[in-house]
Amino acid sequence: MVGSTAALMLAVLTGLPSVVRGASYGLTDSYIGSGFFSGFTFMTISDPTHGRVQYVSQSAAQSANLTSTSSNTFTMRVDSTTTLSASGAGRKSIRIQSKKQYTTHVAIMDVRHMPEGCGTWPAFWEVGSNWPFNGELDIIEGVNNLGPNLSSLHTSSNCTMSGTRTMKGTATFNDCNVENGANSNQGCGVKGDSQRDFGPAFNSAGGGWFAAERTNSQIRTWFWSRADTRVPAEVKNGSGSINTSNWSTPTTLFTSNSCNLASHFGPHNIIINTSLCGDWAGGSSYGQAGCPSSCVNYVNTNPKAFANAYWDIAALRVYT
Ligand SMILES: *[C@@H]1O[C@H](CO)[C@@H](O)[C@H](O)[C@H]1NC(C)=O
Ligand SMILES: *[C@@H]1O[C@H](CO)[C@@H](O)[C@H](O)[C@H]1NC(C)=O
Ligand SMILES: *[C@@H]1O[C@H](CO)[C@@H](O)[C@H](O)[C@H]1NC(C)=O
Ligand SMILES: *[C@@H]1O[C@H](CO)[C@@H](O)[C@H](O)[C@H]1NC(C)=O
Ligand SMILES: *[C@@H]1O[C@H](CO)[C@@H](O)[C@H](O)[C@H]1NC(C)=O
Ligand SMILES: *[C@@H]1O[C@H](CO)[C@@H](O)[C@H](O)[C@H]1NC(C)=O
Ligand SMILES: CC(=O)N[C@H]1CO[C@H](CO)[C@@H](O)[C@@H]1O
């Protein structure tokens, strides 16, 4: 394609309003209480982003009471009793990954509490094999109590976000390509707009609901705080069917205007983990948050500081 035609094509594409349509879905998987033990695997891999954590197995987590369930609760904690040797392994934490994979779907997580505190890096996300070629969608991510309650896409080249996007959040980068480490692997992110969607502010409001919808024409996320009157009844009550076309303006909207979503996002596993320090939480944001000492030293020597670094999840429902 000659340059002028390409430029014209781009102008035409970016001039188009983003198509916003939803769909109706039925409940496929409901992870509640011990359902997280049967539907997820506790991964003992080392943290690829260099966190000061040691992800433990389900049996190790259960004997240390780092995970527990009731009929409507699943908790995932970070060890808050052990002082670590600087030369030894990181603080015990948990990373769970769904046994099932999902392509187009809606995931809704009802969360009462997320990990908070200096050094914490909680994440609720989805990822495919052969990263970044099958893509990654981060639904909840932030560090050191600061937010910015970021949702991001990461994938290979030729995936950018173009056109006006009707969403409540604010875009960071518009290029989702992280194939060659572009933009320090940050991908295309969107910062949330809510004052209650991350860390201590989220927790003191009683948590809330995060939802993500993935189709081949768009990827959207929503957040509703616990007392938000706009939360759809079908989200609140864990309905057997949902219709996203009737939901309010999303926090994030990623379009297919200049990204072939079907070819950039393969089957995804759902992951929930709590990292400590590492590339993001242990970087410049640690000091910017007013956190003491160095991140790794703080994690090693202050076990009690991690008593609130836990997830309390009421339910995760996946609709297709
Ligand atoms: C845990 O979560 C962080 C934040 O998203 C991520 O960067 C890191 O790679 C994750 N670690 C593992 C082992 O999944
Ligand atoms: C285990 O942790 C749960 C909360 O996650 C708590 O309610 C329970 O008392 C703890 N059990 C023990 C034996 O410490
Ligand atoms: C949940 O709310 C939806 C929408 O109002 C309603 O259609 C459905 O019957 C409710 N389901 C339950 C189990 O309450
Ligand atoms: C979903 O909701 C939209 C908007 O209210 C409506 O037009 C559409 O018919 C609904 N779809 C189904 C399958 O109920
Ligand atoms: C769609 O939303 C409108 C406005 O919130 C509401 O009046 C209507 O009942 C909803 N329809 C469905 C099918 O949930
Ligand atoms: C880039 O993606 C567009 C669709 O968004 C497609 O038409 C084009 O062929 C792709 N280019 C390359 C080099 O893959
Ligand atoms: C809870 C929280 O930190 N919310 C922040 C989310 O990000 C926006 C800006 O993008 C802030 O204004 C909120 O305070």
Side-chain angles (χ1 to χ4, degrees), residues 17-37 40 42 53 55-82 91-96 104-117 120 122 166 202-203 206-209 211-218 220 222 224 226-250 253 272-274 276 303-320:
S18 302
V19 181
V20 178
R21 53 179 176 265
S24 63
Y25 300 82
L27 182 61
T28 304
D29 292 297
S30 205
Y31 302 101
I32 298 176
S34 60
F36 281 92
F37 288 163
F40 280 74
F42 282 59
V53 286
Y55 290 121
V56 298
S57 66
Q58 183 181 325
S59 56
Q62 284 177 283
S63 20
N65 200 28
L66 297 181
T67 186
S68 60
T69 64
S70 73
S71 62
N72 64 356
T73 313
F74 170 68
T75 61
M76 252 173 69
R77 300 182 163 272
V78 167
D79 169 80
S80 60
T81 58
T82 313
R91 188 161 294 287
K92 285 178 181 166
S93 183
I94 295 172
R95 180 207 201 250
I96 59 168
T104 58
H105 67 285
V106 174
I108 303 176
M109 188 155 81
D110 179 345
V111 185
R112 299 189 188 94
H113 188 282
M114 69 166 75
E116 64 172 70
T120 58
T166 305
F202 172 85
N203 293 332
W209 297 263
E213 178 186 42
R214 176 177 157 198
T215 74
N216 287 334
S217 62
Q218 61 186 1
R220 302 191 285 179
W222 290 261
W224 297 279
R226 187 65 63 200
D228 192 332
T229 53
R230 291 160 305 179
V231 56
E234 62 196 22
V235 169
K236 202 168 182 173
N237 72 10
S239 178
S241 63
I242 56 168
N243 181 348
T244 59
S245 45
N246 213 28
W247 293 4
S248 52
T249 305
L253 167 63
I272 306 168
N273 74 331
T274 309
L276 300 175
K304 289 193 181 70
F306 296 90
N308 286 322
Y310 70 92
W311 292 94
D312 178 347
I313 299 169
L316 169 63
R317 295 185 175 87
V318 183
Y319 296 81
T320 56

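The residues of the chain are indexed from 1 along the displayed sequence. As the structure lists them, so they are numbered: ligands from 1, and atoms in each ligand from 1. Remember, predicted model here, so these are calculated numbers, not experimental data.
Of the listed residues (T244, N243, I242), the one carrying the non-hydrogen atom nearest atom 12 (C) of ligand 4 is N243.
Under a 4.0 Å criterion applied to the non-hydrogen atoms of S245, ligand 4 contributes the atoms 1 (C), 2 (O), 3 (C), 4 (C). Taking every non-hydrogen atom of A233 and a distance limit under 4.0 Å, the qualifying atoms of ligand 3 come out as 2 (O), 4 (C), 5 (O). The N246 neighbourhood of ligand 4 comprises atoms 5 (O), with distances under 4.0 Å to a heavy atom of that residue. Heavy-atom proximity to S24, at under 4.0 Å, picks out these atoms of ligand 4: 13 (C). Residue contact check: T75 has heavy atoms under 4.0 Å from atoms 5 (O) of ligand 2.
Relative ring orientation between F36 and F74 is described as parallel, the plane-to-plane angle staying below 30° on a 0-90° scale split at 30° and 60°.
Protein heavy atoms are absent from the 4.0 Å sphere centred on atom 9 (O) of ligand 2.
Nearest non-hydrogen protein atom to atom 13 (C) of ligand 2 is N65 ND2, 4.2 Å. Of all protein heavy atoms, the one lying nearest to atom 4 (C) of ligand 2 is R77 NH2, 3.7 Å.
A salt bridge between D312 and R112 is present, with a side-chain N of the basic residue lying under 4.0 Å from a carboxylate O of the acidic one. R226 has a carboxylate O that lies under 4.0 Å from a charged side-chain N of D110, or vice versa, which qualifies the two as a salt bridge.
Separation of atoms OG1 (T75) and CG (L66) is listed at 9.0 Å; rounding is to 0.5 Å.
Taking only nitrogen or oxygen atoms, main chain and side chain alike, N237 reaches within less than 3.5 Å of ligand 3.
With hydrogens and angles ignored, the 3.5 Å screen pairs a side-chain donor or acceptor of S70 with a backbone N or O of T73.
No side-chain donor from either of N243 and S241 sits under 3.5 Å from a side-chain acceptor of the other. In the model, T274 has a side-chain atom that pairs as donor or acceptor with a side-chain atom of W311 under 3.5 Å.
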